[in-house]
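Read the structure below first, then the notes.
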Protein chains: 2
Amino acid sequence: MSAEPLLSQLIESLRCLPGVGPKTAQRMALHLLERNREGGLQLASVLTDAMQNIGRCEACRDLTELGLCTICSNPRRDQSLLCVVESPVDVLAIEQATAFTGRYFVLLGRLSPLDGIGPAELGLDQLAERFENNAPDELIIATNPTVEGEATSYYLQKMAKRNSIRVTCIAHGVPLGGELEYTDQSTLAHAFGSRLLID
Amino acid sequence: MSAEPLLSQLIESLRCLPGVGPKTAQRMALHLLERNREGGLQLASVLTDAMQNIGRCEACRDLTELGLCTICSNPRRDQSLLCVVESPVDVLAIEQATAFTGRYFVLLGRLSPLDGIGPAELGLDQLAERFENNAPDELIIATNPTVEGEATSYYLQKMAKRNSIRVTCIAHGVPLGGELEYTDQSTLAHAFGSRLLID
């Protein structure tokens with residue numbers, strides 16, 4: 001048995017979660033111990049299972065405990081639409097918000113040469129192979145509208161055009177429910193520049 | 001194997017932590033899977049151990065995996081000073097902030113008759129027994145300065161006085177580094193009413 005009391009060990013271990021400082025970890029540990037031991041045990045079991053068994057989907061690089069993720073192995077998902085995102089959370093966000101029925105390709109990052117992240121790290125060779133052998137009709141680029149996301153988007157556009165694949169990009173502009181007054185300058189400038197003809 | 005993907009199960013399980021909503025749970029799950037699987041496994045193991053083995057100290061009711069907690073079993077901690085607190089986090093806070101060398105008694109709650117929490121639920125019969133058989137010289141009351149905490153404090157004062165034990169209460173007033181302008185009215189009124197003679 002370690003010299004450290006188990007409660008302190010638990011508080012210390014909870015701090016491996018992002019955004020959890022000493023006070024939050026204390027509150028979490030006490031909450032689980034006093035009110036929800038069942039939940040704590042359940043979390044521990046799922047956590048072990050997930051850390052040991054979740055790998056990447058062979059086709060789309062999304063996180064999954066299976067060889068092929070549930071989306072890639074679903075024959076009803078349209079092979080001709082391929083949406084490229086940066087991270088598995090983006091897949092979750094799009095699945096929850098939209099009625100998209102195509103497939104995904106998850107970069108697990110964005111081009112960032114200074115950090116040593118090039119096309120190979122993002123699986124773009126795997127994507128290029130797919131463009132050769134099993135090309136989609138439309139490539140939907142949904143990288144984040146940051147500098148690196150835009151650079152990645154540009155690289156993907158070039159790749160798709162070499163294979164004569166139609167490329168689209170999700171719309172960027174003033175968010176719904178937002179107010180022009182509180183929209184940041186670059187978003188507003190972009191929205192103004194990309195104005196659409198109402199016909 | 002459950003129909004739900006393991007990643008979704010993990011996100012769902014993380015929501016048993018207090019203050020963790022769907023977005024935070026997603027971020028936590030992704031962080032552990034992509035950057036800190038070791039930490040996740042370590043957390044799972046400590047979590048299982050803690051949920052199964054942490055109980056209450058026989059003497060002070062604090063949370064511990066031992067029969068007697070490390071403070072109660074430490075012969076160098078002064079038996080004649082007994083500090084009563086509401087929760088195990090208060091013990092941690094006092095240990096971190098002060099040089100207190102006495103022992104604790106943890107109520108694990110506060111008197112709240114409407115919620116069915118009376119003296120028995122707070123272990124006050126156990127405390128009364130201690131006052132009879134092994135009375136401390138001084139009882140330091142460190143309940144929270146809320147209405148229920150004050151009611152609990154008053155009850156403890158009565159108990160101690162019946163056994164002729166000296167009772168003290170931690171000081172309440174304007175916090176150090178605080179500004180009078182931004183101190184709430186009741187704290188300021190209390191601090192004014194409890195002013196001390198400078199000699």
Side-chain angles (χ1 to χ4, degrees), chain A residues 1 3-20 22-55 62-66 69-71 87-89 91-93 96 108-109, chain B residues 1 3-20 22-55 62-66 69-71 87-89 91-93 96 108-109:
Chain A
M1 188 176 293
E4 189 86 356
L6 199 46
L7 179 60
S8 311
Q9 286 180 47
L10 177 60
I11 292 171
E12 193 48 47
S13 299
L14 281 166
R15 295 193 53 195
C16 76
L17 297 171
V20 174
K23 289 281 171 192
T24 311
Q26 272 184 21
R27 198 160 53 89
M28 287 176 166
L30 267 288
H31 174 88
L32 291 179
L33 285 167
E34 290 178 358
R35 306 226 179 83
N36 195 1
R37 295 209 181 205
E38 275 305 306
L41 282 173
Q42 158 77 5
L43 171 59
S45 131
V46 174
L47 204 49
T48 310
D49 196 4
M51 294 300 127
Q52 285 172 344
N53 298 324
I54 288 184
D62 198 2
L63 291 169
T64 178
E65 73 277 23
L66 310 165
C69 74
T70 47
I71 293 175
S87 142
V89 283
V91 174
L92 294 173
Q96 282 158 20
L108 290 171
Chain B
M1 189 176 294
E4 189 87 356
L6 198 47
L7 179 60
S8 311
Q9 287 180 47
L10 177 60
I11 292 170
E12 192 48 47
S13 299
L14 282 166
R15 294 193 55 194
C16 77
L17 296 170
V20 174
K23 288 282 170 191
T24 310
Q26 272 184 22
R27 198 159 55 88
M28 286 176 167
L30 267 287
H31 173 88
L32 291 179
L33 285 167
E34 290 178 357
R35 305 223 181 85
N36 196 359
R37 296 211 180 202
E38 275 306 305
L41 282 173
Q42 158 77 5
L43 171 59
S45 131
V46 174
L47 204 48
T48 310
D49 196 3
M51 294 300 127
Q52 285 172 344
N53 298 324
I54 288 183
D62 198 0
L63 292 169
T64 178
E65 72 277 23
L66 310 166
C69 73
T70 48
I71 292 174
S87 142
V89 283
V91 175
L92 294 174
Q96 283 159 20
L108 290 171

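Letters A, B, ... mirror the listed sequences (proteins, then strands); counts begin at 1. Basis for what follows: all heavy atoms, side chains included, without hydrogens, waters or symmetry-related copies.
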Side-chain heavy atoms of [X] within contact of [Y], under 4.5 Å:
{"X": "A:Met51", "Y": "B:Leu10", "answer": "yes"}
{"X": "B:Leu43", "Y": "A:Leu17", "answer": "yes"}
{"X": "B:Leu92", "Y": "A:Ile11", "answer": "yes"}

Among [options], residue most engaged with chain B (heavy-atom pairs, under 4.5 Å):
{"options": "A:Asn36, A:Leu7, A:Leu32", "value": "A:Leu32"}
{"options": "A:Pro18, A:Ser13, A:Gly19", "value": "A:Pro18"}
{"options": "A:Ile54, A:Leu41, A:Thr24, A:Leu63", "value": "A:Ile54"}

| said: If we define contacts as heavy-atom pairs under 4.5 Å, which of B:Gln52, B:Glu34, B:Met28 has the most with chain A? | reply: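 The option with the most such pairs is B:Met28.
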
For [X] against [Y], the heavy-atom pair lying closest together:
{"X": "B:Ala50", "Y": "A:Arg37", "result": "O-NH1, 3.9 Å"}
{"X": "A:Gly39", "Y": "B:Cys16", "result": "O-SG, 3.8 Å"}
{"X": "B:Thr70", "Y": "A:Pro5", "result": "OG1-CG, 4.3 Å"}

Region of [X] that comes under 4.5 Å of a non-hydrogen atom in chain B:
{"X": "A:Leu30", "value": "side chain"}
{"X": "A:Glu38", "value": "neither"}
{"X": "A:Thr48", "value": "both"}

| said: Would you compute the distance between atom CG of A:Leu47 and atom CG of B:Leu14 and round it to the nearest 0.5 angstrom? | reply: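 Going from CG on A:Leu47 over to CG on B:Leu14, the span is 6.5 Å.
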
